[in-house]
Structures are given as C-alpha cells and as structure tokens.
Amino acid sequence: MSESGLEAWQGQKGQNWAHHIDGLERLLEPVNAPWADSLRLDSARRIVGLACGGGGSTRTLRDRSPRGAVVDGFDVSQELVELASSRLASRGVRVRHANIASREPPDGPYDRVGSRFG
C-alpha cells in the first residue's frame with residue numbers, strides 16, 4: 001500500500017468506514033459466505049483476516065470455523081481496529097493494528113489467510 005493510501009486509511013477513510021459500518025457491512029454481507037467457503041475452514045486452523053475493517057468479514061471467518069480454530073484480524077486503521085475489537089471480543093477474536101502489506105502477520109504462521117478486499 002502506498003504511503004498516501006496508508007495515511008488515508010489511518011485518517012479520514014478509516015473514520016468514514018467506521019461511521020458507515022452498519023450500511024457497509026449489510027452491503028458486503030453477500031460476499032462473506034462464498035469468500036469464507038473458498039478458504040475451506042473444515043478443521044481447527046489458525047486463520048487470519050487481513051484488512052479486516054470493522055470486523056464483518058473476520059466475524060464470518062470465526063462463525064464458519066470449527067471449535068478450536070484461532071481467528072485473528074489485522075487492519076491499518078487504528079479506528080477500525082478498535083471498532084472490530086469491540087465487536088468481536090465476545091467471539092474470542094483478537095484484532096490488531098498492523099500494515100501487513102509491509103511485513104508478516106505477528107504470531108504467524110497461519111494456516112489460512114483471507115482478505116475480502118485487502
């Protein structure tokens with residue numbers, strides 16, 4: 001991700017996404033199931049959702065994963081990380097701030113890596 005794109009997501013873009021999260025998640029919901037199915041979440045694995053935004057796609061990963069799976073999420077927007085963390089904490093998903101475009105995800109390796117748009 002370019003430096004200007006990164007800065008935008010850490011600023012106004014991230015704030016706008018967070019502000020409109022309910023409508024955006026409703027709009028994107030039809031994409032989540034086929035996307036998660038493509039990852040073949042058929043056994044307990046370590047799964048990471050990259051560019052997890054407000055957590056909708058990562059919630060789908062958690063909900064479609066069997067017991068024993070570990071699901072983490074990462075995003076470049078601190079505001080979206082905080083939002084996703086609050087929405088997913090009760091599901092046992094850890095969401096963290098990181099620019100995965102420039103480095104490996106912390107606590108890897110992961111068995112499955114998914115990103116709806118990242």
Side-chain angles (χ1 to χ4, degrees):
M1 175 180 298
S2 72
E3 193 62 36
S4 62
L6 180 61
E7 290 173 9
W9 277 106
Q10 291 175 343
Q12 193 62 46
K13 273 188 174 180
Q15 293 168 6
N16 287 343
W17 192 274
H19 180 73
H20 297 287
I21 193 66
D22 292 332
L24 288 166
E25 292 297 350
R26 276 193 304 277
L27 177 71
L28 296 170
E29 183 63 30
V31 175
N32 288 346
W35 166 74
D37 288 346
S38 74
L39 295 174
R40 296 185 356 219
L41 305 174
D42 53 358
S43 62
R45 302 180 185 274
R46 291 180 42 79
I47 305 157
V48 63
L50 303 180
C52 69
S57 59
T58 307
R59 179 182 59 237
T60 298
L61 294 177
R62 171 75 269 159
D63 291 350
R64 289 180 167 266
S65 297
R67 175 173 276 178
V70 173
V71 179
D72 292 331
F74 295 95
D75 201 276
V76 297
S77 167
Q78 184 62 43
E79 184 156 354
L80 290 173
V81 165
E82 291 170 11
L83 177 60
S85 292
S86 69
R87 296 170 82 202
L88 298 172
S90 67
R91 296 173 187 259
V93 176
R94 183 173 51 172
V95 181
R96 290 175 286 164
H97 182 251
N99 180 7
I100 302 306
S102 64
R103 67 181 189 124
E104 295 285 322
D107 300 328
Y110 288 92
D111 301 305
R112 297 288 187 266
V113 177
S115 180
R116 193 170 49 196
F117 298 119

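Contacts of Asp22 classified as salt bridge (charged side-chain N to carboxylate O under 4.0 Å, His left out), with partners at least two apart in sequence or in another chain: none.
Between Arg91 and Asp63 there is a salt bridge, with a side-chain nitrogen of the basic residue lying less than 4.0 Å from a carboxylate oxygen of the acidic one.
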Take Asn16 and Lys13 through the side chain to side chain contact (heavy atoms under 4.5 Å, CB included) test and state the conclusion after the steps. CA-CA 5 Å; Asn16 287 343; Lys13 273 188 174 180; 5.7 Å; no
Please step through side chain to side chain contact (heavy atoms under 4.5 Å, CB included) for the pair Glu79 and His19, ending with a clear verdict. CA-CA 10 Å; Glu79 184 156 354; His19 180 73; over 6 Å; no
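Arg87 and Gly56 get closest at one heavy-atom pair: NH1-N, 4.2 Å. The nearest pair of heavy atoms linking Val81 to Arg96 is CG2-O, 3.6 Å. Nearest heavy atoms, Ala44 versus Pro66: N-CG, 3.6 Å. The minimum heavy-atom distance linking Ser65 with Ala69 is given by the pair CB-CB, 3.6 Å. Considering every non-hydrogen atom in both Ala36 and Arg64, the closest pair reads CB-CD, 3.5 Å. Heavy atoms only, all atoms of each residue included: Ser86 and Leu83 are closest at OG-O, 2.8 Å.
Here the straight-line distance linking atom OG1 of Thr60 with atom CD of Glu25 works out to 8.0 Å at 0.5 Å rounding. Note that CZ of Arg94 is 6.5 Å distant from CZ of Phe74, once rounded to the nearest 0.5 Å.
Judged by the 6.0 Å and 45° rule, Arg46 forms a cation-pi pair with Tyr110.
Arg62 contributes no side-chain N or O that, together with a main-chain N or O of Gly92, makes up a donor-acceptor pair within less than 3.5 Å. Without hydrogens or angle criteria, Asp75 side chain to Cys52 main chain gives a donor-acceptor distance under 3.5 Å.
When the side chains of ILVMFWY residues are joined at heavy-atom separations under 4.5 Å, either directly or via intervening members, Val48 and Val71 end up in two distinct hydrophobic clusters. The cluster map of Ile, Leu, Val, Met, Phe, Trp and Tyr, joined by side-chain heavy atoms under 4.5 Å apart, puts Leu39 and Leu88 in the same cluster. Two different hydrophobic clusters hold Leu50 and Val95 under the rule that ILVMFWY side chains link at heavy-atom gaps under 4.5 Å. A continuous path of Ile, Leu, Val, Met, Phe, Trp and Tyr side chains, each step under 4.5 Å between heavy atoms, connects Leu80 with Leu24, placing both in one hydrophobic cluster. Under the 4.5 Å side-chain heavy-atom criterion for grouping Ile, Leu, Val, Met, Phe, Trp and Tyr, Trp35 is connected to Ile47 within one hydrophobic cluster.
Between Val93 and Arg59, the closest side-chain pair of non-hydrogen atoms is not below 4.5 Å. Taking the side chain as every heavy atom from C-beta outward, Arg112 and Arg40 approach each other to under 4.5 Å.
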